[in-house]
Q: 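Below you'll find the structure I mean.
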Amino acid sequence: MKRYSVISEKNKREIVLLRGSGCIYKKCTFCDYYLDMSNDFHENFLLNKSVIDNVTGEYDALEVINSGSVFELDKKTIDLIKSVCNEKGISTIHFESHYIYRKRIPKLKEEFSEFNLKMKLGLETFDYDFRENIFNKGIHDKDPKIISEYFDEANFLFGISGQTINSMMNDIELGLENFERICVNIMCKNSSTITPDKEVIEKFMEKIYPKYKEDYRLDILINNTGFGVGD
Ligand code: SF4
């Protein structure tokens with residue numbers, strides 16, 4: 001599995017895919033990547049160190065993902081991220097987290113106060129019924145202002161039966177209104193029960209993609225390895 005890459009478009013940054021103790025939630029119906037985990041903290045640290053060793057600081061920004069939430073990374077890995085970012089002159093760090101951990105974010109930001117910390121939420125959609133009944137995301141708030149309170153960025157998931165041009169546009173517009181940056185992921189076939197809908201994806205590509213593809217505040221991943229990490 002590729003765990004280090006450089007994103008050299010729009011918001012340029014290095015990205016590392018680390019391994020933690022595993023997603024605390026594991027119930028999102030579209031997800032199978034939470035399988036990238038281990039309860040062996042030492043092994044996780046050794047793997048994570050070998051990935052972090054690639055970081056050069058060339059863009060002054062690092063995104064850290066770990067098939068779950070930053071709070072599932074071991075302490076030695078967290079300390080290493082901090083020291084490598086200091087050493088390489090990296091000022092912006094992006095972490096991701098499930099909504100469940102939101103109340104822990106202020107403390108994490110305090111711990112990383114020498115950096116510009118950006119927290120990304122896997123929101124998938126603002127549509128409550130779709131998000132909770134189809135995706136089973138576990139975010140039981142509806143108000144975009146409340147949902148975005150602790151987060152700077154969000155992921156959205158498009159390309160599933162039931163989504164329409166209007167629903168996807170609405171998510172993008174609300175996303176740009178409530179977060180600094182958003183990332184749209186197009187559903188790819190995996191081992192979960194949710195499958196990509198070719199027609200919805202075609203509609204997205206025809207009517208929505210051209211409108212936003214150059215938007216600096218929006219990343220669009222047509223393929224789930226679009227950032228260069230994963231398999
Ligand atoms: S999408 Fe994220 S929060 Fe949901 S099960 Fe997968 S790893 Fe966990």
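Remember, it's 1-based here, ligands and their atoms both numbered in the order they're listed. All figures in this text were calculated on a predicted structure; none of them were measured in a lab.
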Q: What I want to check is whether the side chains of Asn86 and Ser83 have a donor and an acceptor closer together than 3.5 Å.
A: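 Ser83 and Asn86 do not have a side-chain donor-acceptor pair below 3.5 Å.
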Q: With heavy atoms under 4.0 Å as the rule, classify the contact between Lys27 and ligand 1 as side chain, backbone, both or neither.
A: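 Within the 4.0 Å criterion, Lys27 contacts ligand 1 through backbone atoms alone.
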Q: If you count heavy atoms of other groups shown closer than 6.0 angstrom to NE2 of His42, is the number above 12?
A: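 Atom NE2 in His42 is not crowded, with 12 or fewer foreign heavy atoms closer than 6.0 Å.
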Q: Using the benzene-type ring in the case of Trp, are the ring centres of Tyr99 and Tyr150 under 6.0 Å apart?
A: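 No, too far apart.
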Q: From atom 6 (Fe) of ligand 1 out to just under 2.8 Å, does an N/O/S atom of Cys31 turn up?
A: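 For Cys31, the answer is yes, given that an N, O or S atom comes within less than 2.8 Å of atom 6 (Fe) of ligand 1.
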Q: Any donor-acceptor pair under 3.5 Å linking the side-chain atoms of Tyr34 with those of Glu72?
A: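 No pair is found: no donor N or O on one side chain lies under 3.5 Å from an acceptor on the other.
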Q: How far is atom 5 (S) of ligand 1 from the closest protein heavy atom, and which atom is that?
A: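 The protein heavy atom lying closest is Lys26 CA, 3.4 Å.
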Q: Say whether Glu96 and ligand 1 are in contact under the criterion: heavy-atom distance to a ligand atom below 4.0 Å.
A: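 It does not; every heavy atom stays at 4.0 Å or beyond.
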Q: Thinking salt bridges, do Asp219 and Arg13 make one under a 4.0 Å N-O criterion?
A: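 Here Asp219 pairs with Arg13 in a salt bridge, since their nearest N and O are under 4.0 Å apart.
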Q: Would you mind checking which non-hydrogen protein atom is closest to atom 1 (S) of ligand 1, with the distance to 0.1 Å?
A: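 So the nearest neighbour among protein heavy atoms is Tyr33 OH, 3.4 Å.
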Q: I'd like to check which ligand 1 atoms, numbered from 1 as shown, lie under 4.0 Å from a non-hydrogen atom of Lys137.
A: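 In order of numbering, the contacting atoms are 1 (S), 4 (Fe).
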Q: When you check the gap from the basic side-chain N to the acidic O, do Glu180 and Lys118 get nearer than 4.0 Å?
A: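 Judged by the 4.0 Å cut-off on N to carboxylate O distance, Glu180 and Lys118 do form a salt bridge.
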Q: Identify the protein heavy atom lying closest to atom 3 (S) of ligand 1, giving its residue, its atom name and the separation to 0.1 Å.
A: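 Checked against all protein heavy atoms, atom 3 (S) of ligand 1 sits closest to His98 CD2, 3.4 Å.
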Q: Quick one: nearest non-hydrogen protein atom to atom 4 (Fe) of ligand 1, plus distance?
A: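 Checking every protein heavy atom, the shortest distance to atom 4 (Fe) of ligand 1 gives Cys28 SG, 2.3 Å.
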Q: Considering non-hydrogen atoms of the protein only, which is the closest contact for atom 8 (Fe) of ligand 1, and what is the distance?
A: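 Residue, atom and distance for the closest contact: Cys23 SG, 2.3 Å.
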Q: Is it the case that Glu14 and Tyr59 place a side-chain donor and acceptor less than 3.5 Å from each other?
A: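 No donor-acceptor contact under 3.5 Å links the two side chains.
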